[in-house]
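Scroll down for the structure; my scribbles are underneath it.
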Amino acid sequence: MTVIPKSHPRAKSLLIREKLVNGFDKGLVAKEGLLAQGRGEAFDYLLGEKTGKTAKKAIKAAAAQIILANTPVISVNGNIAALCPRKIVKLAKTTGAKIEVNLFYHNEKRKQNIVNALKKNGAREILGIDQKFKAKLQGIDSARRIVDKNGILAADVVVVPLEDGDRTLALRKSGKTVITFDLNPLSRTSQTANITIVDNVTRAIDILIKECKKLSVKKPSSLQKMVDDFDNKKNLSENIIEIKNNLSRRLKIA
Ligand code: PTJ
């Protein structure tokens with residue numbers, strides 16, 4: 001493992017990159033997952049590598065929506081398993097959500113490695129590997145169509161961090177509420193989800209867990225109001241303005 005000096009000006013970003021590379025070496029991450037990480041890094045740079053106001057707003061709405069859910073499910077792919085397995089387990093335990101492994105680049109061995117990594121980090125039940133419960137999500141042709149009938153298929157709210165386009169639409173069409181983490185505010189997933197957290201999942205997930213704990217004592221009616229008051233399209237537009245303002249500030253400093 002490469003040692004990243006703490007004094008390096010980009011140490012945080014390099015450490016996240018190392019997690020992905022280690023995840024790849026351990027058979028958790030698809031080759032393509034390394035490219036996805038690179039794309040994310042570029043957008044994170046534009047965001048100023050911090051959790052902005054719009055991300056905080058989306059996190060609040062997401063927390064309210066997860067608490068209100070009857071059958072929430074967190075979908076885990078290779079990148080998430082490498083980046084924040086412990087936090088995913090913590091989010092699931094805090095909210096009562098189920099965890100399901102669902103891959104775009106289908107590979108049974110990698111699926112099993114991801115299950116093992118999640119179990120090592122405290123997960124008990126993980127859906128998405130038992131052939132008995134295999135079901136098909138309509139409206140999608142990629143490997144992501146294979147879901148668990150007691151998990152994503154039955155869910156009312158699905159959290160899909162670092163997603164690739166068409167599943168979000170298929171989930172929405174089947175009546176589910178979709179929450180995503182995506183550093184690219186213009187991606188199809190970002191634009192199609194009900195709630196998009198435009199932030200690095202490694203930063204935002206801690207805030208989401210805290211927010212879920214904080215909001216768990218609130219009345220359902222006030223949680224519902226938080227969800228109803230949130231406008232994803234508007235928030236994404238404001239996020240792009242945040243990026244623009246960040247770049248303008250950088251130009252002035254340079
Ligand atoms: O493990 P698999 O087979 O399910 O494959 C997972 C990947 C991520 C490879 C697959 O879903 C994929 O190809 O995704 P895309 O289409 O590259 O989209 C990933 C999105 O996540 C992009 O919009 C990236 O900007 C964004 N992203 C990358 N890293 C992060 C991120 N968003 C939040 N936090 C990150 N750390």
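Both ligands and their constituent atoms are indexed starting at 1 by order of listing.
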Pick out the protein N or O atoms lying less than 3.5 Å from any N or O of ligand 1, and list each pair with its distance.
| residue | atom | partner | partner atom | Å |
| --- | --- | --- | --- | --- |
| ligand 1 | 1 (O) | Gly78 | N | 2.8 |
| ligand 1 | 1 (O) | Arg110 | NH1 | 2.9 |
| ligand 1 | 3 (O) | Phe104 | N | 3.2 |
| ligand 1 | 3 (O) | Tyr105 | N | 2.8 |
| ligand 1 | 3 (O) | Arg110 | NH2 | 2.7 |
| ligand 1 | 4 (O) | Phe104 | N | 2.8 |
| ligand 1 | 4 (O) | Arg144 | NH2 | 3.1 |
| ligand 1 | 11 (O) | Arg144 | NH2 | 3.0 |
| ligand 1 | 11 (O) | Leu162 | O | 3.4 |
| ligand 1 | 11 (O) | Asp164 | OD2 | 2.6 |
| ligand 1 | 16 (O) | Arg39 | NH2 | 3.3 |
| ligand 1 | 17 (O) | Arg39 | NH2 | 2.9 |
| ligand 1 | 18 (O) | Glu163 | O | 3.3 |
| ligand 1 | 23 (O) | Asp182 | OD1 | 2.8 |
| ligand 1 | 23 (O) | Asp182 | OD2 | 3.3 |
| ligand 1 | 32 (N) | Leu183 | N | 3.1 |
| ligand 1 | 34 (N) | Val201 | N | 3.0 |
| ligand 1 | 36 (N) | Asn200 | OD1 | 2.9 |

Do other residues, nucleotides or ligands put more than 12 heavy atoms under 6.0 Å from Lys244 NZ?
no
Heavy-atom neighbours of Phe230 CZ exceed 12 at 6.0 Å:
yes
Can you list every pair that meets salt bridge (Lys or Arg N to Asp or Glu O under 4.0 Å) and has a residue in residues 134-153, with sequence neighbours left out?
Arg144-Glu163, Arg144-Asp164
Whether over 12 other heavy atoms sit under 6.0 Å from Lys111 NZ:
yes
Non-hydrogen side-chain atoms of Leu127 and Ile99 separated by less than 4.5 Å:
no
Between Asp44 and Ser13, is any pair of side-chain heavy atoms under 4.5 Å apart?
no
